[in-house]
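I have placed the structure first, in the form of structure tokens, so that the comments after it can refer back to it.
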Amino acid sequence: MKTLIKNGSVVFKDCVKKNDILIENGKIIALGEEISGADEVIDAAGKTVIPGIIDMHVHLREPGFEGKEDIASGSLAAVAGGVTQVCCMPNTNPVCDNAVVVNYIINRAKEADLCKVRPIGAITRGEAGESLSDIGKMAKAGAVALSDDGKSVMNSLIMRLAMEYASDFNLKCLCHCEDLSLVDGGVVNEGYNSTLCGLKGQLRAVEDIMISRDICLAQSLSVPVHICHVSTYSGVEIIRAAKKNGVQVTAETCPHYFILTDDIITNFDTYTKVSPPVREERDRQAIIEGLKDGTLDCIVTDHAPHSKKDKEVEYNLAAFGMSGLETSFALSYTYLVKSGILTLPQLMCKMSYNPAKVLGLEGGEIKVGGVADLAIVDIDASYEIDGEKFYSKGKNTPFNGYKVYGKVCYTIVDGKIKFDLSKMQ
Ligand code: DOR
Ligand code: ZN
Ligand code: ZN
């Protein structure tokens, strides 16, 4: 069967142009003007066709925390957000630190049959930071990276061994950078607003120390490393300098770090609580600069769905994390492209092409011979974000009421329509 996407504005790596896209057997077989001869035609006139988003940092919570999210609900949230591929973090229960859990996740994702789900294996057993997990067996089972996300591996010798071992299997360590000995109960950024609210703060150094350590290890060992969810101006400076010195470092940030500042914590809304915390305007500006100059390679969500029970408690006790899959494109398009900071091709490099390159995944680009993972979006359609309408079980967004541009109309995975907005209403 051949599927034709007609008359859309297609986002290529370095330009946007009107093109038809012909798909067969899950692959793009032709691009050009006035293509015809298909069994199924999708009219994309007036719409924009983007490469499917690859979100390399999400929490799907299954196994163990299905009350917050499961692989099926998270996959539906993904395709509703134009995301065709997610990499899921291992802080589940049991922790994904062995091949059995990797296989379980892969099988559950096949049953859901929506987006592609790529498991990330834990660096250490139980994410306890003490001994290495079954890295080789997980790699063989299909883990695409390693991380103890949620916390840092505090023992530098274990981190050294993990990085060396990981590189033997062509896997990268994705580093959640947080010096646990310096957190000291901090729940927000340490500064004016934490003082104003009487909430305990975390210094930027909590993050920067571990960014520096992991970069030092990568440099000494000549192996690559990837820094998760950068939030500090100083972190951006450290990564920029390391890249300049030839260290094989890549890095990601999230919409909340380039849109929000800690001004939002002053209403004590626990949906604003996230690790690392949202910082100050100086940091937000530096994150934007880092995205512009290539210091920050990828935009991810750190989709961290939580139940109401875990969020509707006092600020100090609430769980860290924001539900992000369904808002990442619209927020990024509105705040980076509509505002003139990035072009649409540059944005899609951060959301698709670069994540594919960093992890060696398929997709990330619209090209003949490439996999047909795509989304069709209406960048002129605006709407107000309402977390209660999310398909994700996690309704915890700090962006309720934000007016954004960019509606996802269709999401196509391996040439098959997995999300059709017109059929959801
Ligand atoms: O805010 C966060 N939530 N940061 C993390 O690193 C972990 C995540 C979670 O699992 O909820
Ligand atoms: Zn993290
Ligand atoms: Zn995370």
Side-chain angles (χ1 to χ4, degrees), residues 55-70 74 77-78 86-96 118-124 126-127 129 144-154 172-180 183 186-189 202 206-208 210-211 214 225-232 235 251-257 260 262 264-265 269-279 298-311 313 315-325 328 355 359 392-399:
D55 191 339
M56 59 180 282
H57 188 146
V58 309
H59 297 266
L60 294 182
R61 306 298 190 205
E62 187 179 350
F65 303 109
E66 291 84 353
K68 295 175 190 275
E69 190 82 289
D70 57 41
V86 299
C87 304
C88 58
M89 285 295 178
N91 59 340
T92 49
N93 185 19
V95 167
C96 183
R118 313 294 189 197
I120 297 166
I123 293 172
T124 65
E127 285 202 348
V144 296
L146 298 171
S147 181
D148 269 7
D149 187 52
K151 44 193 168 189
S152 279
V153 176
M154 288 305 297
K172 272 182 196 163
C173 288
L174 316 181
C175 302
H176 170 110
C177 296
E178 180 180 4
D179 184 333
L180 299 174
V183 175
V187 292
V188 293
N189 178 63
Q202 283 185 20
V206 166
E207 183 171 343
D208 299 342
M210 298 313 284
I211 293 178
D214 290 337
V225 72
H226 179 83
I227 307 296
C228 290
H229 42 49
V230 178
S231 75
T232 63
E252 63 184 40
T253 191
C254 315
H256 39 281
Y257 302 121
L260 302 176
D262 66 353
I264 54 153
I265 70 168
D269 177 1
T270 58
Y271 286 4
T272 66
K273 184 174 171 182
V274 64
S275 171
V278 290
R279 310 269 181 191
C298 305
I299 295 172
V300 303
T301 59
D302 195 7
H303 178 71
H306 287 292
S307 60
K308 296 243 155 117
K309 160 172 107 17
D310 295 329
K311 278 291 194 183
V313 291
Y315 206 94
N316 281 316
L317 299 176
F320 289 95
M322 297 170 173
S323 185
L325 276 168
S328 63
L359 294 183
S392 168
K393 291 184 192 176
K395 314 298 181 193
N396 48 306
T397 174
F399 294 107

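Positions are given from 1 along the sequence. Just so you know, these numbers use all the heavy atoms, side chains as well, and skip hydrogens, waters and symmetry mates. Atoms within each ligand, like the ligands themselves, are counted from 1 in listed order.
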Under 4.0 Å from a heavy atom of [X]: which atoms of ligand 1 are those, numbered in the order shown and with their elements?
| X | answer |
| --- | --- |
| Gly321 | 1 (O), 2 (C), 3 (N) |
| Val274 | 1 (O) |
| Asp302 | 4 (N) |

To check your reading of the model: name the closest protein heavy atom to [atom], its residue, and the distance in Å.
| atom | value |
| --- | --- |
| atom 5 (C) of ligand 1 | Ser275 O, 3.7 Å |
| atom 11 (O) of ligand 1 | Arg61 NH2, 2.8 Å |
| atom 3 (N) of ligand 1 | Phe320 O, 3.0 Å |

> Looking only at heavy atoms, is any part of Met322 under 4.0 Å from ligand 1, and if so is it the side chain, the backbone, or both, or is it neither?
Replying inline: neither

>> Residue-level breakdown please: for Met89 versus ligand 1, do any non-hydrogen atoms fall below 4.0 Å on the side chain, on the backbone, on both, or on neither?
In response: neither

> Do any of the N, O or S atoms of His57 sit under 2.8 Å from the Zn ion (ligand 3)?
Replying inline: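 True for His57.
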
>> At a threshold of 2.8 Å, where the distance has to be below it, does the Zn ion (ligand 2) have an N, O or S atom of Cys228 nearby?
In response: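 Short answer: no, not a single N, O or S atom is under the cut-off.
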
> Does the shortest distance from the Zn ion (ligand 2) to an N/O/S atom of Asp149 fall below 2.8 Å?
Replying inline: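 Of the N, O and S atoms in Asp149, at least one lies under 2.8 Å from the Zn ion (ligand 2), which means yes.
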
>> So is His306 touching ligand 1 or not, going by heavy atoms under 4.0 Å?
In response: yes

> Does Gly150 come within less than 4.0 angstrom of ligand 1, counting non-hydrogen atoms of the residue?
Replying inline: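 Judged by the 4.0 Å heavy-atom criterion, Gly150 does count as contacting ligand 1.
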
Compare all side-chain heavy atoms of [X] with those of [Y] and state whether any distance is below 4.5 angstrom.
| X | Y | answer |
| --- | --- | --- |
| Ile227 | Cys177 | yes |
| Ile123 | Cys173 | yes |
| Thr270 | His306 | no |
| Val274 | Tyr257 | yes |

>> Tell me the angle that NE2 of His59 and OD1 of Asp302 form around the Zn ion (ligand 3), rounded to 10°.
In response: 90°

> How wide is the angle at the Zn ion (ligand 2) between NE2 in His229 and ND1 in His176, to the nearest 10°?
Replying inline: 100°

>> Between Lys273 (side chain only) and Asn316 (backbone N and O only), is there a donor and an acceptor less than 3.5 Å apart?
In response: yes

> Under 3.5 Å, side chain of Glu178 to main-chain N/O of Lys151, donor-acceptor pair present?
Replying inline: no

If I take atom [atom1] from residue [X] and atom [atom2] from residue [Y], how far apart are they, to the nearest 0.5 angstrom?
| X | Y | atom1 | atom2 | result |
| --- | --- | --- | --- | --- |
| Leu60 | Cys96 | CG | SG | 11.0 Å |
| Leu325 | Thr397 | CG | OG1 | 11.5 Å |
| Ser323 | Asp302 | OG | CG | 11.0 Å |

>> Please verify the inter-ring angle class for His229 with His57; under 30° counts as parallel, over 60° as perpendicular, anything in between as tilted.
In response: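 The rings of His229 and His57 sit tilted, inter-plane angle from 30° to 60°.
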
> Has ligand 1 got any nitrogen or oxygen that is less than 3.5 angstrom from a nitrogen or oxygen of Ala304?
Replying inline: no

